[in-house]
There are 2 protein chains.
Amino acid sequence: MTDAPLSLRERKKRATRAALSEAALRLAAEHGAEHVTVEAISDAVGVSPRTFFNYFDSRDDAFTMIDAESAQRVRDAVMAAPPAVSALDAVTGALADELAQLGARQDVWALHAEVLRRSPDLLARTMGAHMADELELAAAIARRVGARRDGAARDGAARDGASPDLYPHLLAAAAGTAVRVSVEHWSRHAGEEPLPAVFRGACAHLAAGLPDPPTGA
Amino acid sequence: MTDAPLSLRERKKRATRAALSEAALRLAAEHGAEHVTVEAISDAVGVSPRTFFNYFDSRDDAFTMIDAESAQRVRDAVMAAPPAVSALDAVTGALADELAQLGARQDVWALHAEVLRRSPDLLARTMGAHMADELELAAAIARRVGARRDGAARDGAARDGASPDLYPHLLAAAAGTAVRVSVEHWSRHAGEEPLPAVFRGACAHLAAGLPDPPTGA
DNA sequence: TCACGCGTTGCAGTGTATGAAAATCTGGAG
DNA sequence: CTCCAGATTTTCATACACTGCAACGCGTGA
């Protein structure tokens, strides 16, 4: 699948990108992100500052774009889930799988969390990027939902008066919210509970309709 | 209520800020946000570029920070709601009120929506700012639910292991999600349905636990 | 009116980001 | 081995974003 014969060129490109990203994270964790210049990152890797911008559209991207393909994997998983599975379960399942496999690059993500904790600007930017992903996830959900009830009405297209495409966007956004809140909570209580478990708990709350605080009712 | 006797200085300051914000929005809607320089905005208002940065920490803030006090009003409303009202209802009610009164500056918000539609960067930034608001809203919710059950630690979700403050954050985030999705949906289908109605619908979906695609309703 | 406080302005300097052309490298063809 | 074609990196130039500093001018209260 990902075993295309990587040319030397491609390998060097990926190495450079990874080196830039890691250097940025390391320097930011040490000195604070706002005091890390593009020049410093480039020097640490041994390339020119101009090259940095060949890999990242902005300085902050080096801090925020850790795994660019993650969103695509989730979308593919959602689309590939068996038709018997509800859209809600397909989305939560795909996200849970992704979060579970996140432990692999644990060192990098720990740095990432440390950097975000120290600079709210970057945290906001990261969340904003996640929201952009949500819009594409919503499109995937819409295709899935549309395919599931294609049997009866073939015209299909929106004439539903009130909410033709509200549900996919809402589900995607809610799922993103669950991920975000879970990660925040998880990083606040440094690893008391495994991330997937926290995520499942958040999804349970949401699926129950946010009934009420742990008090009665 | 908020009619403290504004000094001439204060009035001028607010006028300048509003003028800068409006000019920024108008220029961005016309030429695209990325082609609008600080100098252009300042010239349109008749102040120096340096003064612009006395009002906004960054150029993008002029596009995104339309109403800085909105979040504060929502927090106050949540805290002021009668104890008999559930936290969920208090939050949704406060947000619905805020959204209802949003029609007042409708022209400004229409410009805002147009700008965000054309530049995803700013949309991401806006969402990030909303998320920062959500954290403070979560704190307000935590105080509220904490006050309601003073001392009596009860069962409920406490058996999820470690979830002392997951619920407030989740509720705040879900509420923010409902607002965001509603506004997006509302601006996509330019005003077919009043925004508060869309918001109520989104909340209904969430309160029902995202059951499944809306097959008919 | 006068002086003080506060906001505004010009200026210098740092850092981000982009386009273009020159220099360098990679993967092959002859 | 040599040389070429395409891709990548670098150098150079330029525009814009943003910040501290010092001077200036207008509201504000005595």
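Quick note on labels: first sequence line is chain A, next is B, and so on, each numbered from 1.
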Within the 4.0 Å heavy-atom criterion, would you say B:Phe56 contacts the bases, only the backbone, or no part of the nucleic acid?
nothing
Backbone of A:Gly176 reached by a side-chain donor or acceptor of A:His130 within 3.5 Å
no
Whole Å only: how far is the CD atom of B:Glu10 from the C1' atom of D:dT28?
14 Å
Checking C:dT26, D:dA17, D:dT9 against the side chain of A:Thr16 (C-beta onward), the nearest is D:dT9
Could you check which of C:dA17, C:dT9, D:dT11 has an atom nearest any side-chain atom of B:Ser48?
C:dT9
May I ask you to say what B:Tyr55 touches in the nucleic acid, namely base, sugar-phosphate or nothing, with a heavy-atom cut-off under 4.0 Å?
sugar-phosphate
Rounded distance in Å - CD1 (A:Ile41) to C1' (C:dG15):
12 Å
Pi-cation contact, B:Phe56 with B:Arg17 (under 6.0 Å, within 45°)
yes
Can A:Gln101 and A:Asp97 be counted as having a side-chain donor-acceptor contact under 3.5 angstrom?
no
With a 4.0 Å cut-off on heavy atoms, is A:Asn54 in touch with a base, just the backbone sugar-phosphate, or nothing at all?
base
D:dG27, OP1 or OP2 - any side-chain N/O from B:Lys12 closer than 4.0 Å?
yes
Can you tell me which nucleotide in D:dT8, C:dA17, C:dT8 comes closest to the side chain of A:Lys13?
D:dT8
N or O in side chain of B:Ser7 less than 4.0 angstrom from D:dT28 OP1/OP2:
yes
Could you state the atom-to-atom distance from CZ of A:Arg17 to P of D:dT8 in whole Å?
13 Å
Distance check needed: C:dG7 C1' versus B:Leu20 CG, whole Å only.
13 Å
Here the distance between atom P of C:dG19 and atom CD of B:Glu34, to the nearest Å, is 12 Å
Separation of atom CZ in A:Arg59 from atom P in D:dC18, rounded to whole Å
12 Å
Would one find a side-chain N or O of A:Thr51 under 4.0 angstrom from OP1 or OP2 of D:dT9?
no
I'd like to know if the side chain of A:Arg59 and the backbone of A:Phe52 have a donor-acceptor N/O pair within less than 3.5 Å.
no
Nearest whole Å is fine: how far is D:dA17 C1' from B:His35 NE2?
16 Å
Would you say the side chain of A:Arg50 and the base of D:dT10 hold a donor-acceptor pair, judged only by whether the two atoms sit under 3.5 Å apart?
no
B:Ser70 versus B:Glu98, side-chain donor and acceptor atoms under 3.5 Å:
yes
For A:Pro49 and B:Asp60, take the nucleotide of DNA chain D holding the closest heavy atom to each; which residue's nucleotide lies nearer the 5' end?
A:Pro49
Picking from D:dC18, C:dA17, C:dG15, the nucleotide nearest the side-chain atoms of A:Thr37 would be C:dG15
To the nearest Å, how far apart are A:Phe53 CZ and D:dT11 C1'?
15 Å
